[in-house]
Trainee: 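One structure, pasted below without further comment.
In what follows, chains are A, B, ... by sequence order, proteins preceding strands, each numbered from 1.
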Protein chains: 2
Amino acid sequence: MGILSARQIKVLQAVIGAYIHSGEPVGSRTLSRSSAFQLSPATLRNVMADLEDEGFLCQPHTSAGRIPTDQGFRFYVNNLAGMAAVSPAARLHVREHLEVVGGRLEEVLRDGVLTLAQLTPYVGIVSLPDFRQMIIRHIRFVKLHERRILAVVVSVSGAVQNVLFDSDTNLTQDQLNHSSNYLNALLGDLTLSGIKRKVLQEMASDKRGYDELFKQVLALSKSFFAKDPEQQSDVMLDGKLNLLEHPEFADVERMKNIFRAFEEKGSILKILDGALSGEQLRVIIGSESCCEDMRHCSLVTAEYGREDRTLGQIGVIGPTRMDYSRIIPLVNYIADAMSRRLQN
Amino acid sequence: MGILSARQIKVLQAVIGAYIHSGEPVGSRTLSRSSAFQLSPATLRNVMADLEDEGFLCQPHTSAGRIPTDQGFRFYVNNLAGMAAVSPAARLHVREHLEVVGGRLEEVLRDGVLTLAQLTPYVGIVSLPDFRQMIIRHIRFVKLHERRILAVVVSVSGAVQNVLFDSDTNLTQDQLNHSSNYLNALLGDLTLSGIKRKVLQEMASDKRGYDELFKQVLALSKSFFAKDPEQQSDVMLDGKLNLLEHPEFADVERMKNIFRAFEEKGSILKILDGALSGEQLRVIIGSESCCEDMRHCSLVTAEYGREDRTLGQIGVIGPTRMDYSRIIPLVNYIADAMSRRLQN
DNA sequence: CGCTGGCACTCAAACTAAAAGAGTGCTAAC
DNA sequence: GTTAGCACTCTTTTAGTTTGAGTGCCAGCG
């Protein structure tokens, strides 16, 4: 596992390039013919054998060409892949479909993931922000029926969450309105749990005395916060059909695995959140995801959010044989466009 | 195309039963051996040839056994399929997962479709009610930002819809509350469009004079109703993976077609709404759906709703070779359970 | 020492041939 | 009306063969 020579790198790049293009194992002869090497197949064979020893290439079976390993792709992505500019057509598409005005958070995300599914032959994916980490702008209570109450919680980023709960006492809508007003006056750059804490504090400090309205708000908040908003986090997918077009998924068994992973979104979420370590862009190649079902897939994701605050990840899932040099800039571009739109 | 003799019917039933069981074309010998016929293969061959002439059976190729045509299945479902009782295990599952308390409409539907996906090896499907046809219980306005307003519309059946719109004037939350109260006082067993009409009428009749609040409500309603709630109708699916287990979908091409139909939900919706003609239960077999992609699938759906009012359809999608005598009662049972739960 | 041509070898895929198996249609006889 | 028998069809399976792409290694060359 020494360092790679310049020539080895050049060969590795050529092999991966050819493989990304064709999907077929690439052999020494093809390589010798096609590219800028002035080397004979035999020489290339030697180089490729070395690269295999180092773990960058492998063979599906003796006497087939070489295909890149996950490690090979990793090296390629980190060091070799020249990043293509986002095509004018893609820019136009984004301008028309993504860079429009406002809308609820969920709609913005849907637009983003749809755009990715349309601009790439892969699956668009976006993780919905954890509502519990969002800064709340509004809480309104709506009386539904007797003590049954609907709380409408709106975050600054435009996410709307409806929470259904039962109050201890039977309040009128007017009383609920007053409570809402009271609570909203308290709000300020806090998340749901922050608000909860603040309300508890106020209760403890008792500084407002035993004002009737205050007691009402307290009781209400208690019932409300007892019921944690359920949808803690989620992902949205689009363009699953795109995957069916790739030859590597013609195998039914492999297909099943991936669709299973899609259906139980938990595992994908785990991958996405796996390294929240704050890199703006992440590429997860094959088995790096540690998810058996996704062994043959790569993810390219970028963070989106408002200013300092990261809301979630958006990107694509495709075969490990992915056109990284086109996809990486594109995902970046779209994450930016979405973040800009969320600024409003 | 004469009428079928008793014996022909008995043979048809046996063939379809065997085919549903095995998924393989069934030949005369198998039939003769297995079942209660005292007939030789040769005789059965004659009968089967007749049934083929009548269009109830067909052969994948000369010298294969017979498989039922869509018409054959149709006859079977209409006349032959004995309806099995819903199994105790299924009843228990429904009791535990579906017959629980309340929840928003969407959650109830999700529970229903999930239950179907778990109790059958097919895809659970439910059509969301068209919000525009629902009777509205509440409308509340929430001020988001300047003139940007969120309307929370709640139907009697517990569906909640959030509509984002811009008001012409900049109102305070208190003003919005008053407008909400005013509007809700007007409400009574009306759909959204009914309310819209009523508001317009009030406006025309002018009987309230030029009261300030009234003018406010009018202006607000105008902006609100200008923006039709978008999600006009939709379907929810669950258990797509189940389909992958069936041998008839091992063919990748066929799979692709069906998943395409799933992805663009419009076509499925069209099938579901196709015959809203008010039968409580519907079975759509293969090409009867008039959807090329769904040629190899059957749908079994039942209406669900509250009392007199139908809200939508719930059921399953599976291969035409479906265990109708088990599925039909089950779908019925679950639609009933859901309807009961929605009563509250 | 690095590069190359040559050669033996491996393995998957494609093709061919043959055989097996399931099932049919038809006819003649019961 | 029913059945046994037979010839025929067509798929599936198996085995064997060929082809082609590719490798590894070695010996020789610059």
Trainee: Please report, rounded to the nearest Å, how far the P atom of C:dG21 is from the CD atom of B:Glu24.
Mentor: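 Rounded to whole Å, this separation is 17 Å.
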Trainee: How long is the line joining CG of B:Leu51 and P of C:dG25, in whole Å?
Mentor: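 These atoms are roughly 12 Å apart.
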Trainee: Quick one: is B:Thr30 getting a side-chain N or O under 4.0 Å of the C:dG23 phosphate, OP1 or OP2?
Mentor: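 Yes.
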Trainee: Would you say the side chain of B:Thr115 lies within less than 4.5 Å of the side chain of B:Ile334, judging by non-hydrogen atoms?
Mentor: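 They are in contact (side-chain heavy atoms under 4.5 Å apart), so the answer is yes.
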Trainee: Should the heavy atoms of other residues, nucleotides or ligands under 6.0 Å from CZ of A:Arg91 be counted, would the total exceed 12?
Mentor: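 Yes, enclosed.
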Trainee: Take the protein atom CG of A:Leu39 and the nucleotide atom C1' of C:dT4, then report the distance between them rounded to whole Å.
Mentor: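 Spelled out: CG on A:Leu39 to C1' on C:dT4 is 10 Å.
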Trainee: Rounded to whole angstrom units, what separation is found between the CE atom of B:Met48 and the C1' atom of C:dC26?
Mentor: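 The answer, rounded to whole Å, is 17 Å.
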Trainee: If you check the B:Thr43 side chain, which of C:dG6, D:dT2, C:dC3 turns out closest?
Mentor: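 Nucleotide nearest to B:Thr43's side chain: D:dT2.
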Trainee: Check the distance between D:dA4's C1' and B:Arg45's CZ and give it to me in whole angstrom.
Mentor: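 Nearest whole value for this atom pair: 10 Å.
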Trainee: Do B:Phe259 and A:Phe259 have ring centres separated by under 6.0 Å?
Mentor: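 Ring-ring flag for B:Phe259/A:Phe259: true, centres closer than 6.0 Å.
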Trainee: Less than 4.5 Å apart, any side-chain heavy atom of B:Leu299 and any of B:Val283?
Mentor: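 The answer is no, as the side chains (C-beta and beyond) never meet within the 4.5 Å cut-off.
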Trainee: List the steps and the verdict of salt bridge (Lys or Arg N to Asp or Glu O under 4.0 Å) for B:Glu303 and B:Arg282.
Mentor: CA-CA 9 Å; B:Glu303 291 185 341; B:Arg282 285 194 306 146; over 6 Å; no
Trainee: Round to the nearest Å and state the distance from A:Tyr19 atom OH to D:dG22 atom P.
Mentor: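 Checked: the OH to P distance equals 14 Å.
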Trainee: Please report the distance, rounded to the nearest Å, between CD in A:Glu52 and C1' in D:dC25.
Mentor: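 Answer to the nearest Å: 15 Å.
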Trainee: Strictly below 4.0 Å, heavy-atom distances to any atom of DNA chain C: list the hits from residues 59-67 of chain A, or just say none.
Mentor: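 Close to the strand are A:His61, A:Thr62, A:Ser63.
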Trainee: Please lay out, stage by stage, how B:Tyr122 and B:Ser298 fare under the test side chain to side chain donor-acceptor pair (under 3.5 Å).
Mentor: CA-CA 10 Å; B:Tyr122 311 125; B:Ser298 281; over 6 Å; no
Trainee: Where the side chain of A:Ala42 is concerned, which of C:dG23, D:dA4, C:dG5 is the nearest nucleotide?
Mentor: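 Nearest to the side chain of A:Ala42 among the choices is C:dG5.
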Trainee: Whole angstrom is fine here: how far is it from CG in B:Leu44 over to C1' in D:dT3?
Mentor: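 Answer to the nearest Å: 11 Å.
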Trainee: Using a 4.5 Å cut-off on heavy atoms from C-beta on, say whether the side chain of B:Phe262 contacts that of B:Lys240.
Mentor: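 Side-chain contact under 4.5 Å: yes.
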